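What follows is a set of notes on a single structure, which appears directly below.
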Amino acid sequence: MEDLVCAAHRNMATRMTIQFQERYNFQHERMSGEAIRVKRARKQRAMCGFKLDRDHVKKQPRLALPLNASAPKSKVQIHTIPEDTMLANYIPVFVMLPLGVVTKENVLEDIVRLKNQLMALHAAGVDGVMVDVWWGIVESKGPRQYDWSAYRTLFQLVQKCKLKLQVIMSFHQCGGNVGDSVSISLPKWVLKVGKTNPDIFYTNYKGIRNKECLSLGVDNQPLFHGRSPIELYTDYMRSFRDNMQDFLESQLIIDIEVGLGPAGELRYPSYSQNLGWVFPGIGEFQCYDKYLKADFKEAAAKVGHPEWKLPDNAGISNDKPESTEFFKPGGTYQTEKGNFFLTWYSNKLLTHGDDILDEANNVFLGCKVKLAVKVAGIHWWYKTESHAAELTAGYYNLHHRDGYRPIARMLSRHNAILNFTCLEMRNYEQPVEAQSGAEELVRQVLSCGWTENLKVAGENALARYDREAYDQILRNARPNGISKLGRPSLKMYGVTYLRLSDDLMKQENFEIFTAFVRKMHANLDYCPDPERYYHFTEPMKQSEPRIPVETLLEATTPLQPYPWLKETDVIHSVLTGFFYYIVTTVLRILRIKVKTGK
């Protein structure tokens with residue numbers, strides 16, 4: 001019986017391959033010599049795979065995988081096609097540098113030790129590193145008094161070690177979040193403004209201020225020596241650009257991740273350990289500063305409900321959903337008033353990110369870098385009806401409402417990378433009482449990014465050194481495995497490992513990590529030229545026109561995430577994309593497990 005099924009499997013694959021070749025006529029041409037770089041730059045969008053039709057996606061459930069086209073074999077380059085084809089599966093790996101690699105005194109310490117570690121990373125095949133460039137360090141002495149010297153030394157060291165660089169514009173404090181090992185505050189002169197006007201900080205219902213970052217409620221308020229926060233961030237990024245021009249021109253720096261909230265993530269600081277939060281508490285809404293209070297009052301009045309107030313029944317940070325009037329089954333979040341508040345709360349976050357990305361785009365216009373934004377992996381209480389922890393963080397995500405695709409759609413106009421966390425997590429690793437859905441959350445967010453035609457990257461949320469965690473990252477990075485035909489149906493743009501440490505450099509841990517890097521590279525050697533694995537570099541273009549909020553909210557219609565295969569770190573030859581999905585579905589119905597290697 002098994003032999004018959006395997007024969008049918010192979011026959012079906014052959015027929016589907018013929019149909020695939022007849023249906024699609026690939027138009028891309030390969031060019032030799034120097035012309036290939038120009039061609040790739042001009043054809044970047046065309047070569048990144050088929051765009052998904054948004055109208056079609058909205059009307060139909062997701063039944064199949066998107067198909068990615070491969071270029072035909074040119075006579076001139078036939079000898080390079082096998083390597084190029086496999087390189088299409090290559091996913092670059094980056095490693096986060098220690099949070100305090102540059103001290104709060106603005107000093108790069110122990111350079112020799114760091115150089116040895118960076119050289120070891122390069123020898124292991126790592127593509128680059130990521131570093132926080134702390135606002136509280138660089139502009140600590142006073143407004144517009146920037147000191148980039150320590151970071152320039154660091155960047156020169158990274159360049160000498162032949163690694164690429166992802167840079168985070170870190171407009172938040174370090175300290176108070178999970179994994180924070182050092183303490184770096186906001187600039188002292190910024191905190192001084194907060195002493196006379198504490199409403200510049202996010203505030204919970206009880207009036208407790210959170211000094212991790214500035215409230216989005218003051219984004220456009222000129223409270224800081226005549227400048228607004230968005231102007232502060234813009235001036236900082238402009239100074240960075242001007243002082244790091246040589247590193248930008250040499251393409252050492254490939255990504256600029258724009259910090260948009262606590263831990264650099266686009267969210268509210270709803271859960272803070274330094275304010276007493278303990279996992280898996282639901283967190284607290286952070287909209288009770290006078291600026292956001294006034295904004296909500298005005299918004300409620302516009303819809304004819306001036307009597308509506310901000311929630312006063314959502315509990316405290318360590319509550320469970322069912323213990324609060326707001327999040328319990330049938331609670332306030334399901335009422336008209338609750339829906340209005342949650343829509344307003346999440347929309348403010350969208351606008352905040354959109355406004356700052358507009359400025360970042362203007363600053364880095366023409367530079368050969370990409371913008372990136374990090375979205376938090378708030379996986380606890382995901383399997384409950386209210387998704388309370390996501391809601392307090394500003395992600396209005398329910399089983400009947402997608403809270404992440406509007407974010408992805410907003411990012412699409414900036415051509416920004418969506419960077420998501422908790423790639424390493426599996427549900428069974430979490431406490432049962434947390435009602436965690438880490439695996440489902442990752443699938444949802446990654447699928448949202450791909451649906452909106454974004455490049456999607458990711459990282460682990462917690463430091464892990466075990467094979468199980470690496471396997472889970474691999475599974476999420478290439479959900480449908482390696483393809484011999486070219487670019488896989490689904491593939492992450494890159495993965496950043498958290499983080500460089502003495503524990504990582506221990507022999508056993510580093511050997512496992514090195515094997516993981518090799519797997520991420522599709523079992524290929526390190527590739528120094530990103531264009532060979534279809535990461536094209538071109539000058540940043542102007543962001544597309546602003547997308548109306550109504551259009552962003554159309555993306556709240558939930559879609560089924562793309563299918564993830566159980567075993568993905570294998571080579572799929574002719575059975576890729578949609579056809580592989582059909583075959584595996586048939587085989588599941590027959591209750592026969594067939595290995596893809598046959």
Side-chain angles (χ1 to χ4, degrees), residues 171-178 180 185-186 190-191 193-219 221 223 229 260-300 308-328 331-333 337-338 340-352 376 378 380-381 386-397 403:
F171 300 118
H172 59 284
Q173 82 168 20
C174 181
N177 279 299
V178 177
D180 285 355
S185 70
L186 299 184
V190 171
L191 296 176
V193 174
K195 289 182 179 179
T196 55
N197 183 4
D199 285 285
I200 65 172
F201 301 117
Y202 284 110
T203 308
N204 68 7
Y205 175 70
K206 291 186 176 180
I208 298 173
R209 315 290 184 174
N210 188 314
K211 298 179 181 180
E212 288 184 65
C213 54
L214 297 177
S215 167
L216 61 80
V218 296
D219 271 353
Q221 301 290 332
L223 303 172
L260 298 173
E265 297 166 336
L266 179 61
R267 65 173 175 88
Y268 294 91
S270 54
Y271 55 99
S272 296
Q273 285 186 325
N274 62 343
L275 294 180
W277 174 82
V278 178
F279 179 83
I282 60 174
E284 295 181 74
F285 292 119
Q286 300 289 319
C287 53
Y288 298 89
D289 61 78
K290 68 180 182 181
Y291 300 99
L292 286 177
K293 276 184 176 181
D295 191 285
F296 179 80
K297 182 177 181 180
E298 181 181 352
W308 281 352
K309 308 294 182 184
L310 292 170
D312 59 1
N313 60 351
I316 57 176
S317 62
N318 291 322
D319 279 341
K320 296 181 178 180
E322 63 272 17
S323 68
T324 73
E325 290 296 318
F326 193 92
F327 295 114
K328 71 179 185 181
T332 305
Y333 82 96
K337 176 184 175 181
F340 175 80
F341 163 73
L342 291 169
T343 301
W344 169 83
Y345 190 66
S346 57
N347 284 356
K348 295 298 294 182
L349 199 63
L350 278 173
T351 302
H352 169 72
I378 302 178
W380 53 104
W381 306 115
S386 67
H387 291 241
E390 293 168 89
L391 266 53
T392 57
Y395 304 141
Y396 190 5
N397 189 54

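Hydrogens, waters and symmetry mates play no part in the numbers below; they use all other heavy atoms, side chains included. On a predicted model such as this, the values are computed, not experimentally measured, just so you know.
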Do any N or O atoms from the side chain of [X] and from the backbone of [Y] form a donor-acceptor pair under 3.5 angstrom?
{"X": "Trp277", "Y": "Gly281", "result": "yes"}
{"X": "Ser185", "Y": "Gln173", "result": "no"}
{"X": "Ser215", "Y": "Gly217", "result": "yes"}
{"X": "Thr324", "Y": "Phe327", "result": "yes"}
{"X": "Asn197", "Y": "Gly194", "result": "no"}
{"X": "Ser346", "Y": "Leu342", "result": "yes"}

Pair Phe340 + Phe296: ring centers closer than 6.0 Å: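 Distance test on ring centres: under 6.0 Å, yes.
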Sub-6.0 Å ring centroid separation between Tyr268 and Tyr345: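 For Tyr268 and Tyr345, the ring centres are under 6.0 Å apart.
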Glu325 and Thr332: CA distance, side-chain angles, deciding distance, side chain to side chain donor-acceptor pair (under 3.5 Å) verdict: CA-CA 7 Å; Glu325 290 296 318; Thr332 305; over 6 Å; no
Audit row: Val278, Gln273, side-chain contact (heavy atoms from CB on, under 4.5 Å) steps and yes/no: CA-CA 6 Å; Val278 178; Gln273 285 186 325; over 6 Å; no
Polar side chain donor-acceptor pair, [X] to [Y], under 3.5 angstrom:
{"X": "Tyr271", "Y": "Asn318", "answer": "no"}
{"X": "Thr203", "Y": "Asn210", "answer": "no"}
{"X": "Gln286", "Y": "Asn204", "answer": "no"}

Ion pair check, Asp199 and Lys293, cut-off under 4.0 Å: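 Judged by the 4.0 Å cut-off on N to carboxylate O distance, Asp199 and Lys293 do not form a salt bridge.
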Pair Lys320 + Glu322: basic N to acidic O under 4.0 Å: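 Salt bridge flag = no for Glu322 with Lys320.
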Lys297 and Leu292: CA distance, side-chain angles, deciding distance, side-chain contact (heavy atoms from CB on, under 4.5 Å) verdict: CA-CA 8 Å; Lys297 182 177 181 180; Leu292 286 177; over 6 Å; no
Whether Tyr333 and Phe326 hold their rings parallel, tilted or perpendicular, with breakpoints at 30° and 60°: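 If you compare the ring of Tyr333 with that of Phe326, the planes turn out tilted.
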Residue Lys337 excluded, over 12 heavy atoms near NZ under 6.0 Å: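 Count over threshold, so yes.
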Least distance between heavy atoms, Arg267 atom then Ala376 atom: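 What the structure gives for the nearest pair is CD-CB, 3.6 Å.
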I want to check something: taking the side chain as every heavy atom from C-beta on, are [X] and [Y] in contact at a cut-off of under 4.5 Å?
{"X": "Glu212", "Y": "Ser272", "result": "yes"}
{"X": "Leu191", "Y": "Phe201", "result": "yes"}
{"X": "Arg209", "Y": "Pro198", "result": "yes"}

Leu216: which of Asp295, Thr351, Asp289, Leu349 passes side chain to side chain contact (heavy atoms under 4.5 Å, CB included):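 Checked Asp295, Thr351, Asp289, Leu349 against Leu216; only one passes side chain to side chain contact (heavy atoms under 4.5 Å, CB included): Leu349.
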Derivation of the side-chain contact (heavy atoms from CB on, under 4.5 Å) call for Phe285 and Phe341: CA-CA 11 Å; Phe285 292 119; Phe341 163 73; 3.6 Å; yes
Test log, rule side-chain contact (heavy atoms from CB on, under 4.5 Å), inputs Glu265 and Leu260: CA-CA 6 Å; Glu265 297 166 336; Leu260 298 173; over 6 Å; no
